[in-house]
Amino acid sequence: MLQLTQLAAWQSLEQHCHTLREQPLRTLFDDDPSRFDRFSIRLDRLFVDYSKNRITQQTFDLLVELARQAGVPEWIERMFSGDAINETERRPALHIALRQEGADAIVVNGEDVGIAVRETRAKIRTFVESVHSGRWRGHAGEPITDVVNIGIGGSDLGPEMVCLALHDYAVDGIKVHFVSNVDGAQIAQVFENINPRTTLFIVNSKSFTTLETRTNAETARAWMLAQGVAEADLAKHFVAVSTNIEAAEAFGIEPENCFPIWDWVGGRYSLWSATGLAIALYVGMDHFEQLLSGAAAMDGHFRSAPLASNIPVIMALLGIWYIDFFGAESQAILPYDYRLRRLPAYLQQADMESNGKRVRRDGVAVDYVTGPIVWGEVGTNGQHAFFQLLHQGCHLVPADFIGCVRPQHGYAVHHRALLGNLLAQTEALMRGQTTDEARERLAKRGCPPEDIERLASHNTFPGNQPTNTILLDELDPHTLGMLIALYEHKIFVQGVIWGINSFDQWGVELGKVMANVIIDELAGGSTPSDHDASTSGLLSHCKERLDS
Ligand code: F6P
């Protein structure tokens, strides 16, 4: 297998990064008036400015060369042609097939996957239209007003993030709710806001074995029965999305109310499939299809654009530049749009479950750092919380600022303040403020000379914090689809370069297995097994108090 750190481009980057370490970003701008044009790119209604990164043209060329030497173009083709690139699970990763429009057939196990995708999409459309038209009715003959998506991880984060983002496109008369946590407090709160006569539950689980989802689904079922709904009428209130249709049927969901997904769709890449049923119900099927077409537009760009003008590739390379050559440990996602407030959480799963790996595809341990810690918060709230550390703390934190140029509300003053803050923050993070500039600014504010000296260092900002700025003309289903697909492909390219499999998630298993043991012990179903002293102590502490 490819030895990443032995690649000529990697070794050149190692040398090259020394020259850039001390180079202030502001001087890179001063030295090159064409820097913004050179390092920014537009695709349709999505614009990316990556000029506020610690790169020169030479850095950029070396990074692109790294992608070439790591085989990124070949891997892109492998993904699009349906190769089993998820090697540990021996399957392809074909989320791109869920949004393809009239492209070549992708054959998996002798079958064109496009056929099943189209059939399922037609089934979703029929169902969504029957709910919206009121043809689909609850047990008391009333139309559906509330949809509750019960799922977790990829079966929750994507649908919830998109529904919040597309609030402006919601159809009249349908509210959506999300239940993910096994903490009963969440479903209890949802019950307070729904009516059993007019609620539809989607049990959304690729595996249909997930503890949280099964527990919540059972509770929803019991709640409906307790509200007086007859067992025979539950079918009017429950549908399922799963690869495991047998388990869904065993749970009591009618076969015609089960929507299939397939093992070649990763959970965190599944919002484009029936997993996104709540989205289609919330915004309507046409908007759902516009979301898919936005993603398809990004897919087309990703597959065909040369590496040097390929947005997901560029963003992946910039991430690798900081993680592997500058020691950055995290990646901040900062959407300056309230509607995108769940994007950081969504991207946490997308990125950290995909690239939080320490062995390569061949099982050998990596000798470099892989996926970053992804975190973030909506702007401008973050500015009044953690931006202090970005401006003056001791960590290098690459950040993506994401905003929309045009608002979809009538409050122009708010929008100018929002956008102005986004632009100002990236400028401040890039430029910083020298101690002389700090003195000057303090003097201008009328600060007495003795205070100027006392405060000058406290008002010094090192700057040099790298940022990308992603601007959508406006947030609509199409541009949102582009944005999400951009990140999916960025994550894939990073995984390719690091030589890891971005499509499995073995790391979540151990905790699940151990939780099952302890859950049983908490219920008194088995004698406590051989835990460490801390876990035994905590278990006894909980049991004593639960039993008292
Ligand atoms: O525990 C991790 C995980 O398997 C995720 O990968 C997945 O998105 C989530 O659990 C939910 O899984 P399912 O859709 O099978 O319930």
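This is a predicted model, so every value here is computed, not measured. One-based numbering, in listed order, for ligands and for the atoms of each.
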Write out the residue and atom name of the closest protein heavy atom to [atom], then the distance separating them to 0.1 Å.
{"atom": "atom 8 (O) of ligand 1", "answer": "Gly154 N, 2.7 Å"}
{"atom": "atom 15 (O) of ligand 1", "answer": "Ser207 OG, 2.6 Å"}
{"atom": "atom 11 (C) of ligand 1", "answer": "Ile152 O, 3.2 Å"}

Original post:
Considering residues, nucleotides and ligands other than Glu474, do more than 12 of their heavy atoms fall under 6.0 Å from its CD?
Top reply: yes

Taking distance alone, with no angle check, do [X] and ligand 1 share an N/O pair under 3.5 Å?
{"X": "Ser155", "value": "yes"}
{"X": "Gly267", "value": "no"}
{"X": "Thr213", "value": "no"}

Numbered atoms and elements of ligand 1 in range of [X], under 4.0 angstrom, heavy atoms:
{"X": "Gly153", "value": "8 (O)"}
{"X": "Val508", "value": "1 (O), 2 (C)"}
{"X": "Thr210", "value": "12 (O), 13 (P), 15 (O), 16 (O)"}
{"X": "Lys512", "value": "1 (O), 4 (O)"}

**OP:** Would you please classify the geometry between the Phe302 ring and the Phe80 ring as parallel, tilted or perpendicular, with 30° and 60° separating the classes?
**Re:** tilted

Original post:
How are the rings of Phe201 and Phe238 set relative to one another: parallel (under 30°), tilted (30 to 60°) or perpendicular (over 60°)?
Top reply: parallel

Subject >> Thr479 and Asp476: side chain donor to acceptor below 3.5 Å >> reply: yes

**OP:** Would you please say whether a donor-acceptor pair under 3.5 Å links the side chains of Ser502 and Asn355?
**Re:** yes

Subject >> Sidechain N-carboxylate O distance under 4.0 Å for Arg125, Glu289 >> reply: yes

Original post:
Which option out of Glu212, Arg268, Glu353 puts a heavy atom nearest to atom 5 (C) of ligand 1?
Top reply: Glu353

Original post:
For Glu231 and Arg221, what are the C-alpha separation, side-chain angles and deciding distance, and is it a salt bridge (Lys or Arg N to Asp or Glu O under 4.0 Å)?
Top reply: CA-CA 9 Å; Glu231 179 116 29; Arg221 198 171 186 279; 2.8 Å; yes

Subject >> ligand 1 contact by Gln349, heavy-atom criterion under 4.0 angstrom >> reply: yes

Original post:
For the ring pair Phe127 and Phe259, is the centre-to-centre distance below 6.0 Å?
Top reply: yes

